[in-house]
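Single-structure report; data block below.
When reading the values below, keep in mind they use all heavy atoms of this one structure, side chains included, and skip hydrogens, waters and symmetry mates. Letters A, B, ... are given to chains in the order of the sequence lines, protein chains preceding strands, and every chain is numbered from 1.
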2 protein chains.
Amino acid sequence: MTEWHTELAATLDEVWRRLAHGVADACAPARHPALATVGRDGGAEVRTVVLRAADRATARLDVHSDGAAGKIDEIRAEPRVCLHVWDPAGNLQLRLRATAEIVTGAAVAPLWAAVPTPARANYGGTPAPGTPIAAPDDHAARVDAARFAVVSCALREIETLHLGRDRHRRARFRADTDWRGTWLAP
Amino acid sequence: MTEWHTELAATLDEVWRRLAHGVADACAPARHPALATVGRDGGAEVRTVVLRAADRATARLDVHSDGAAGKIDEIRAEPRVCLHVWDPAGNLQLRLRATAEIVTGAAVAPLWAAVPTPARANYGGTPAPGTPIAAPDDHAARVDAARFAVVSCALREIETLHLGRDRHRRARFRADTDWRGTWLAP
């Protein structure tokens with residue numbers, strides 16, 4: 001049997017299989033990508049996020065955020081983000097370059113309706129995320145639908161690195177060539 | 001007993017304990033941070049790296065790289081990077097903002113001398129990393145000491161997020177206030 005990591009098309013299939021797994025299974029590696037952004041000072045920023053949707057047909061990944069989180073302002077100023085997943089069982093690194101859009105309000109009301117009640121407290125706490133406070137409990141959760149933001153990431157490029165027993169294989173797939181892949185020197 | 005995550009000084013101690021563990025133990029979460037940079041096109045980039053040194057006295061973290069890797073040019077153009085570690089056992093996220101310097105040649109000769117012979121093939125392959133190739137084996141490892149680069153990261157800011165059973169605790173420690181910490185709204 002041919003192994004997926006030896007063929008470009010099979011590698012791309014495996015990426016989407018693992019992303020779908022991340023959405024469905026809270027324990028899958030792709031559940032918690034690291035989302036890199038350009039900070040307001042121009043330097044790099046990165047933090048863990050939760051993958052909420054992955055749609056191959058539209059090449060979109062969704063992450064939810066408190067609209068008052070620093071990453072929202074960062075993405076509004078520079079929408080070119082990069083998501084990163086390291087999947088130890090697959091010996092596979094994913095680097096997912098995307099242009100992100102922040103969607104709030106009526107357009108995401110159906111998604112907000114599907115957020116479980118306890119999880120809604122992640123959207124609206126006071127003071128806003130990142131505000132200095134005197135003690136950890138100087139912060140109150142609060143539910144505010146207006147603070148529910150969907151970070152909708154339109155993928156531009158998927159880069160894979162598979163660490164194989166025989167050799168490392170690196171590949172790149174681009175939206176602008178209809179996701180036809182090319183191998184890259186690792 | 002007071003738990004470390006409830007006090008600022010103990011939290012910072014725990015950060016350095018986990019970073020030291022990452023250097024010493026190939027299986028520790030801090031062994032493989034995600035390194036975010038600003039790409040040459042101005043968007044964000046992120047990839048896994050291997051943590052090679054962590055020195056609290058100088059607040060420096062070292063990563064080794066092939067000098068021909070894309071991240072080297074990126075860091076030369078914009079040295080403000082961010083390293084990210086998610087430590088599941090500690091329920092702890094680290095975001096480490098640093099100004100990185102690329103060191104090559106005679107200054108890192110003692111470190112190169114300590115790189116095990118098989119690992120030296122990671123520095124010098126042809127063609128250079130990221131070059132499109134027709135097949136995965138159109139790439140030859142080669143040892144080139146001149147391609148050994150140390151990415152020396154001078155920490156400016158350490159940000160922690162601990163996901164506790166009672167509440168989440170977020171803290172920030174800054175070099176310019178001698179690493180005195182402050183709590184932040186999570």
Over all heavy atoms of both residues, which pair between [X] and [Y] is shortest? Give the atoms and the distance, please.
X	Y	answer
B:Arg172	A:Pro132	NH2-CG, 4.0 Å
B:His84	A:Thr48	NE2-OG1, 2.8 Å
A:Ala44	B:Cys82	O-CB, 3.3 Å
B:Asp41	A:Arg156	OD2-NH1, 4.5 Å

Original post:
Which bit of B:Val38 comes within less than 4.5 Å of chain A, counting heavy atoms only: side chain, backbone, both or neither?
Top reply: both
What distance separates [X] [atom1] from [Y] [atom2], expressed to the nearest 0.5 Å?
X	Y	atom1	atom2	answer
B:His139	A:Arg167	NE2	CZ	8.0 Å
B:Asp137	A:Thr6	CG	OG1	11.0 Å
A:Asn122	B:His168	CG	NE2	6.0 Å

Do [X] and [Y] share a hydrophobic cluster, counting only Ile, Leu, Val, Met, Phe, Trp and Tyr and linking them when any side-chain heavy atoms are less than 4.5 Å apart?
X	Y	result
B:Leu94	B:Trp16	yes
A:Leu163	A:Trp4	no
A:Ile158	A:Val63	yes

Return all side-chain donor-acceptor pairs below 3.5 angstrom for residues 173-186 of chain A, not counting sequence neighbours, or 'none' if the list is empty.
| residue | atom | partner | partner atom | Å |
| --- | --- | --- | --- | --- |
| A:Arg174 | NE | A:Glu157 | OE1 | 2.8 |
| A:Thr177 | OG1 | A:Arg174 | O | 3.3 |

Subject >> Interface residue of largest heavy-atom contact number with chain A, from B:Glu159, B:Glu78, B:Gln93, under 4.5 Å >> reply: B:Gln93
**OP:** Output the option from B:Pro127, B:Gly130, B:Pro88, B:Gly39 having the highest count of non-hydrogen pairs under 4.5 Å with chain A.
**Re:**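 When all of B:Pro127, B:Gly130, B:Pro88, B:Gly39 are compared, B:Gly130 has the most.
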What part of [X] lies closer than 4.5 angstrom to a heavy atom of chain B: side chain, backbone, both or neither?
X	value
A:Ala171	neither
A:Ala128	backbone
A:Val46	both
A:Thr37	backbone

Original post:
So, do B:Arg170 and A:Pro129 sit near enough that their side-chain heavy atoms are less than 4.5 Å apart?
Top reply: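 Heavy-atom side-chain distance check passes, below 4.5 Å.
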**OP:** Using a 4.5 Å cut-off on heavy atoms from C-beta on, say whether the side chain of B:His5 contacts that of A:Pro136.
**Re:**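 No; the side chains remain at least 4.5 Å from each other.
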Original post:
In terms of heavy-atom pairs under 4.5 Å, which option from A:Gly164, A:Ala69, A:Gly42, A:Ala98 contacts chain B the most?
Top reply: A:Gly42
Original post:
Would you say A:Arg97's side chain and B:Glu45's backbone share a donor-acceptor pair under 3.5 angstrom?
Top reply: no
